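Note that the structure is predicted; figures quoted are calculated from it, not measured. All values below come from the heavy atoms of this structure, side chains included, with hydrogens, waters and symmetry mates left out.
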Amino acid sequence: MTVSTLRTTGHTEGVRRPGRWLALSVLVLAVLLVAVDATVLGLATPFLSEDLKPSGTQLLWIGDVYSFVIAGLLVSMGSLGDRIGRKKLLLIGATAFGAVSVLNAYATSPEMMIVARALLGVAGATLMPSTLALIRNLFHDPRERSLAIGIWGAMASAGAAVGPVVGGFLLEHFWWGSVFLINLPVMAVLVVVGIKLIPESKNPHPGPWDLPSVALSLVGLIGVVYAIKELASHGPSADAGLAALLGAAALTWFVRRQLTLPAPLLDMRLFRHRGFSGAVLADLLTILGLSGLVFFLSQFFQLVQGRQPLEAGLAELPAAVGAVTAGLIAGLVARRFSVRSVVAGGLAAVGLSLAVLTTLDQHTGYPLLGAALLVVGVGAGFAFTVTADVILSSVPKEQAGSASAVSETAYELGAALGIAVLGSIVTGVYRDFATPAGVPSGIESAAHESLGGAVEASGALAPDTATALVSAAQEAFVDGLRIAAGVGAAVLLATAVAAWFLLKGQKLEDGVEH
């Protein structure tokens, strides 16, 4: 039967499934929430620091262990969804996500908070690949699917920027744990509505779920990311070297094992496709720039420029507006021009915006910051949405979970690396600031842990000394932010050039599947 016959005969149920847009609305709820949880802590950091009193290293772990665990488990969970059913995995994950959110909200120590965030990452890893894989099976018309992925991508990108707004509102009215309790009603809606609306889908011939591969991917990804974080934060060390060797060995073993398994967790042969590999790389580095910027500007707006949490969150809203707008039209623009021009242009826009932030100082006006955030959002929305479409369209439906997991691993690894690498640069520069004379050693030590610690510790000093300490700490933080922005800009601009060549000739699908 031809495509034209399908369109004229009305046998279109397989192409245009009834209720697919309602089902999509439920799926993007999960995406939005997981993305919000990756950045909502940016604004809560000063409050959490005051309550739990974490060290600078513990604070970084609280910020990025969530993304580390998600990144480490996504490939395994995407493959598990292909085997047991993506809808089933999504509903299990949503229930767990809501339950573990309570543990996060009522954490009483830095160690408990780190463990709770890690468990939230385990639950989050079940949600993200399931949502994108289900879209692949809900929408068989490639143009409709591009729009659906655009909405999905807009929510993923916007969630990172909306997190500070939601967090800001809650922090002005409630305590910091409230930023986690908002997950409960959203996940309840997802489970109740999802049971009715979302169709089940899975690989009809999946093969066994290989537990050694699950362990290797988890150890490999977390080992490599931990090594990068330690290296950027403290320079070369035995711990960083050991983690890098362990991670690299585990990933090498993982790849070799996948090539020999009849039913691998991840089909490594996909990476032989130049467009697929280019799209994954672009995915990772787009989100690295976006998440790193959003995380540290949250602290800049509050602790350097003195904005209230809600005001600081609203100040970052242009990034969400740009991401949503670009995500919705990305498929149309990529078909009108080309995949490589949209992705490379998006990456270049994020890179140039980060370059502008190398001029940042304590008194930089909002028009410049707001414009930079808007351009970052637009660039990320274009690049991330089109690359997700390329990745998902390049595999058979049966492998949708695994392909989605690759896209999501790139997203979460980018978020983790954005906070870890750029954050470690900020922390490394910050810790070297000269403490004003007359500051006791205990307060000096607290002040060098984090900017939030410096602001809190200054309360025990005489007004003039306190002002001098906070001013020196703020200046050091801004110095670190400028250097991190410069590094991020160089990475994103280099990736834009690479994407231009890697995505040459890549096109989005036009014909209807049947």
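Checked by atom type and distance alone, the side chain of Gln362 never pairs as donor or acceptor with a backbone atom of Val304 at under 3.5 Å. Panel note: side chain Glu311, backbone Arg307; no donor-acceptor pair is recorded below 3.5 Å. In this structure, Thr95 contributes its side chain and Leu91 its backbone to a donor-acceptor pair below 3.5 Å.
When side chains are defined from C-beta on, Thr387 does not count as touching Val280, because their heavy atoms never get closer than 4.5 Å. With contacts defined as side-chain heavy-atom distances shorter than 4.5 Å, the pair Met187/Leu127 qualifies. Counting heavy atoms from C-beta on, the side chains of Val102 and Phe180 never come closer than 4.5 Å. No side-chain heavy atom of Phe254 sits under 4.5 Å from any side-chain heavy atom of Leu259.
Residues that satisfy the salt bridge (charged side-chain N to carboxylate O under 4.0 Å, His left out) test with Glu111, not counting sequence neighbours, are absent from this structure. With sequence neighbours excluded, no residue forms a ring-ring contact (aromatic ring centres under 6.0 Å, His included) with Phe301. Looking at residues two or more places apart in sequence or on another chain, you find a ring-ring contact (aromatic ring centres under 6.0 Å, His included) between Tyr106 and Trp175.
When every heavy atom of Ala484 is checked against every heavy atom of Val426, the shortest pair comes out as CB-CG2, 3.9 Å. Scanning all heavy atoms of the two residues, the minimum distance from Val478 to Leu360 falls at CG1-O, 3.8 Å. Closest approach of Ala473 to Ala454, counting heavy atoms only: CB-CB, 3.8 Å. Taking both residues in full, the closest heavy atoms of Phe97 and Leu120 are given as O-CD1, 3.6 Å, listed atom of the first, atom of the second, then distance. Summarising the geometry of Thr385 relative to Gly381, their closest heavy-atom pair is OG1-O, 2.7 Å, with the distance given to 0.1 Å. Across every non-hydrogen atom of Met77 and Ala125, the tightest pair is CB-O, 3.3 Å.
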Check your understanding: Would Leu369 and Leu357 count as a side chain to side chain contact (heavy atoms under 4.5 Å, CB included) if you check the C-alpha gap in whole Å, the side-chain angles of each, and the deciding distance to 0.1 Å?
Key -> CA-CA 8 Å; Leu369 292 168; Leu357 293 180; 3.8 Å; yes
**Study point:** Residues Phe276, Val390; criterion side chain to side chain contact (heavy atoms under 4.5 Å, CB included); working and verdict
**Key:** CA-CA 7 Å; Phe276 185 90; Val390 168; 5.8 Å; no
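Checked options Val487, Val376, Leu347; the residue passing with Leu492 is Leu347 (criterion: side chain to side chain contact (heavy atoms under 4.5 Å, CB included)).
Among residues at least two apart or in separate chains, salt bridge (Lys or Arg N to Asp or Glu O under 4.0 Å) pairs with a member in residues 207-228 are Asp210-Arg257. A side-chain hydrogen bond (donor to acceptor under 3.5 Å, both in side chains) check over residues 177-199, counting only residues at least two apart or in different chains, returns the pairs Asp37-Asn183, Ser101-Asn183.
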Per-pair distances, 0.1 Å, donor-acceptor, side chain in residues 217-224, under 3.5 Å, sequence neighbours excluded:
residue : atom : partner : partner atom : Å
Ser217  : OG   : Ser76   : OG           : 3.3
Ser217  : OG   : Ser213  : O            : 3.4
Ser217  : OG   : Val214  : O            : 3.0

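To the nearest 0.5 Å, the span separating NZ on Lys87 from CG on Leu27 amounts to 11.0 Å. Going from atom CG of Leu89 over to atom OG1 of Thr126 covers 5.0 Å, rounded to the nearest 0.5 Å. Atoms CD and OH, from Glu475 and Tyr430 in turn, are 12.0 Å apart once rounded to the nearest 0.5 Å. Here Ile114 contributes atom CD1 and Asn104 contributes atom CG; the two are 11.5 Å apart, rounded to the nearest 0.5 Å. Leu24 CG to Ile135 CD1: the interatomic distance, rounded to the nearest 0.5 Å, is 5.0 Å. We find the CE-CZ distance between Met112 and Arg117 to be 14.0 Å, quoted to the nearest 0.5 Å.
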